[in-house]
Every structure is written in structure tokens, then in C-alpha cells.
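Inspection log for the structure reproduced underneath, given as C-alpha cells.
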There are 2 protein chains.
Amino acid sequence: MRMVENMQEKCEEFYTKLKENGYKLTSQRKVVLNAMLEHQDDHLTVEEIYQFVNATNPEVGLATVYRNIQLLSDMKIVEKLNLEDGFTRYELSKDGEIHRHHHLICEECGKVIEVKEDLMGSIEQCFKDSYGFIVNDHQAKFFGICKDCNK
Amino acid sequence: MRMVENMQEKCEEFYTKLKENGYKLTSQRKVVLNAMLEHQDDHLTVEEIYQFVNATNPEVGLATVYRNIQLLSDMKIVEKLNLEDGFTRYELSKDGEIHRHHHLICEECGKVIEVKEDLMGSIEQCFKDSYGFIVNDHQAKFFGICKDCNK
DNA sequence: ATTCATGCAAATCGTTTGCAACCCA
DNA sequence: TGGGTTGCAAACGATTTGCATGAAT
């Protein structure tokens with residue numbers, strides 16, 4: 001149920017933002033957003049998104065997927081990720097997140113763990129105190145060994 | 001003076017690691033390392049490194065710069081950076097750093113500030129406690145407004 | 001009707017690679 | 001000598017772009 005509400009929410013958010021910025025609502029845009037909504041916890045490459053889109057809508061071109069995932073990213077509906085594996089990846093933004101969440105990357109099995117907690121508050125306060133730098137957002141990756149691999 | 005010692009240190013570290021791994025010490029390798037040593041606090045793109053190398057040694061090819069900066073990176077003598085500006089960048093590793101240091105990126109003027117302090121200890125302890133994840137290294141960028149731009 | 005979006009293919013651009021010539025150990 | 005290394009140019013792969021056609025407002 002939460003999933004469905006979430007999906008409706010995201011769709012409406014997208015449609016609203018499109019209108020606000022003078023963009024048109026095309027079937028291709030709906031389809032790309034849908035692919036992301038159907039893979040909420042994945043970190044998809046553009047090629048993967050294209051495959052999903054293509055499965056139901058073979059007429060949609062790769063360039064269109066590039067153009068629209070970019071648009072979704074500009075509108076903060078998806079986040080662009082770089083997990084250091086040579087691919088640009090995207091994931092659906094989590095609701096209620098002010099800052100981007102962190103990723104724990106297992107160097108053994110490659111698993112990527114999402115960290116819900118922000119935890120950067122005190123560090124960012126420190127940057128303000130020491131450097132006069134006001135943080136708006138951050139992007140952090142932690143490389144190491146996950147629970148399962150640590151046996 | 002410190003700079004010079006540092007440079008000697010880095011050179012020797014490089015030469016030692018090369019030997020240890022069965023690599024040869026070529027003039028091109030010296031020249032690439034030198035370019036990095038002469039720009040200690042910069043975040044250079046490969047193209048920039050190539051330009052510096054080329055200024056004194058025009059016969060060195062771009063592919064060689066790519067191959068050797070990669071090698072320096074593998075040997076942890078330089079760090080590969082992604083400052084989200086579309087370029088892969090490299091900087092000389094700081095001495096005595098166990099983990100990669102953080103970067104504060106000003107969204108106004110583009111300035112990049114290096115943070116010497118690690119500050120991630122407690123967060124990483126938290127990952128161990130909550131997720132059983134042991135952190136080996138991290139990579140963190142903070143986007144915001146720097147002191148100068150915040151007036 | 002107007003304007004923006006799409007599909008396609010060509011163009012870009014950073015990076016990698018194959019290979020013959022070369023040079024360090 | 002012999003195997004890693006280099007320079008060059010060609011190959012690559014991800015992403016972008018130009019343009020004529022098509023769809024949304």
C-alpha cells in the first residue's frame with residue numbers, strides 16, 4: 001500500500017514540476033518514471049532503464065531515455081549515483097530526505113547498502129565552524145566489508 | 001624545505017613500489033610523477049597533466065600519461081577524484097592519511113577546499129554497530145557555499 | 001498553430017588498446 | 001638479451017546533438 005501511495009505521489013510530483021517548468025507530459029516520460037518506480041531499491045544504469053522501457057515500449061529510443069532520466073534528475077525525482085564501477089547509475093529519491101543518503105559498498109561481494117540515517121550533522125557543523133562553509137548537500141560512499149562477507 | 005623532502009619521499013616511494021612490482025623506471029614515469037609533485041594542491045585532469053608533461057617533454061604521448069597516472073593511482077601515490085564537473089581528476093596523496101580526505105565544493109565559485117581532519121570515526125563505528133559493515137576507506141564530498149561567497 | 005519532444009544516426013569525447021619499435025634491467 | 005614500455009592511431013563506449021517528423025497544449 002505504501003508503495004502505491006508513493007508511486008502516485010512521485011507521479012504527481014513529476015507532472016506538477018513538468019508543468020511548472022513548461023515541459024510537456026509525454027508517454028515516454030511516464031514510461032521512464034515508471035521504470036524507476038518499479039525498481040525502487042535498485043541502482044540502475046541508463047542501459048538497464050532502457051531495457052526496462054524497451055520491454056514494454058520498443059519504440060522509445062535510447063536518447064530519449066538519456067534525456068528524460070536527466071530531466072528526472074534535475075527535478076530531484078531521481079538521484080544520479082557513481083558507485084565507482086564505471087557506470088552512471090540512477091535511483092529513485094527517497095521521500096523526506098533533505099540530503100542524499102550514503103552508500104556502503106562491499107569490496108568483497110559488491111553489495112550496496114543504503115544508509116537511511118544522515119549522521120553528518122556534527123561534521124557539517126564542524127565545517128561551518130572551521131572553514132565557514134555552509135553545507136547544502138553531500139555525497140558519501142564507504143568502502144569495506146559487509147556483514148555477510150565478514151565471516 | 002618540507003616540500004622538497006616530501007618530493008624526495010614520494011619519488012623514492014614510487015621507485016621502490018615500481019621495483020617491488022616488477023615495473024621499470026622510465027623517464028616518462030618520472031616526468032608524470034613530477035608533474036603531480038609540482039602541483040601538490042591542485043586537482044588535475046589527465047589533459048592538464050598531459051599539458052604539463054608536454055611542456056617539457058613533447059615526445060610523451062597522452063596514452064602514456066593515462067597509463068602512468070593509473071599506475072600512480074594503483075600505488076596510492078595519487079588519488080583519483082570525481083568532483084562532479086565531468087572530469088576525472090587526480091591529486092597527490094597526502095602523507096600520513098589512512099583514509100581519503102574530504103572535499104568541500106562551493107556551488108557558487110567552484111572552489112574546492114581540502115579537509116585534513118578525518119571526522120568519520122564515529123559514523124563508521126555506527127555502521128559497524130548497525131549494519132555489521134567494516135569501513136576500509138571512504139569518499140565524501142560536501143556541496144555548499146564557502147566563506148567568501150557567503151557574504 | 002505553436003512549441004516542445006522524439007527517433008535516428010552521426011558526432012563527440014574521454015579513455016583504452018593493438019602493435020611495432022624501443023629501452024630499462 | 002628479453003620483457004615491460006612507449007607512441008601512434010585506431011577502436012571503444014557512454015553520452016550528446018542535429019534535424020526532420022510527430023505529439024502535446
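In what follows, chains carry the letters A, B, and so on, assigned in the order in which the sequence lines appear, proteins first and then strands, with residues in each chain numbered from 1. Computed from a predicted model, the values in this text were never measured in an experiment.
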What is the distance from CG of A:Leu25 to P of C:dT6, rounded to the nearest Å?
-> 10 Å

Between A:Val60 and B:Lys19, just flag the one whose closest nucleotide in DNA chain C comes earlier from the 5' side.
-> A:Val60

Rounded to whole Å, CD of A:Glu47 lies from C1' of D:dT15 at a distance of 11 Å

B:Tyr23 OH - C:dA25 P separation (whole Å) = 15 Å

Taking the side chain as every heavy atom from C-beta outward, state whether A:Leu44 and A:Glu91 have any atom pair closer than 4.5 Å.
-> no

Within this structure, what is the OH-to-P distance between B:Tyr66 and D:dA11, rounded to whole angstrom?
-> 19 Å

Round to the nearest Å and state the distance from A:Lys24 atom NZ to C:dC4 atom P.
-> 7 Å

Within 6.0 angstrom of A:Tyr23 OH, more than 12 heavy atoms from elsewhere | no

Ignoring backbone atoms, establish whether B:Gln28 has a side-chain N or O less than 4.0 Å from OP1 or OP2 of C:dC24.
-> no

Report yes if at least one side-chain N or O of B:Thr26 is closer than 4.0 Å to OP1 or OP2 of D:dT6; otherwise report no.
-> yes

Could you state the CG-C1' distance from B:Asp85 to C:dC13, rounded to the nearest angstrom?
-> 15 Å

For A:Glu59, which contact category applies under a 4.0 Å heavy-atom criterion: base, sugar-phosphate, or nothing?
-> sugar-phosphate

Evaluate the ring planes of B:Phe52 and B:His39, with Trp represented by its six-membered ring, and classify them as parallel (under 30°), tilted (30 to 60°) or perpendicular (over 60°).
-> parallel

Give a yes or no on whether B:Tyr50 and B:Phe87 share a hydrophobic cluster (residues Ile, Leu, Val, Met, Phe, Trp, Tyr; joining criterion: side-chain heavy atoms under 4.5 Å apart).
-> no

Pairwise side-chain contact, B:His43 with B:His103, heavy-atom cut-off 4.5 Å (strictly under) | yes

Tell me which of B:Gly22 and B:Leu62 sits closer to the 5' end of DNA chain D, going by the nucleotide each one is nearest to.
-> B:Gly22

Taking CD from B:Glu48 and P from C:dT15, how many angstroms apart are they, rounded to a whole number?
-> 12 Å

So what does B:Ser27 touch, heavy atoms closer than 4.0 Å: a base, only the sugar-phosphate, or nothing?
-> nothing

Determine whether any donor atom in the side chain of B:Arg67 lies under 3.5 Å from an acceptor atom in the base of D:dG7, or the reverse, and answer yes or no.
-> yes

Do the side-chain N or O atoms of B:Asn68 get closer than 4.0 angstrom to the phosphate oxygens (OP1, OP2) of D:dT5?
-> no

What nucleic acid atoms does B:Asn21 come within less than 4.0 Å of, heavy atoms only: base, sugar-phosphate, or nothing?
-> nothing

Nearest whole angstrom, please: distance from the C1' of D:dG7 to the CZ of B:Arg29.
-> 14 Å

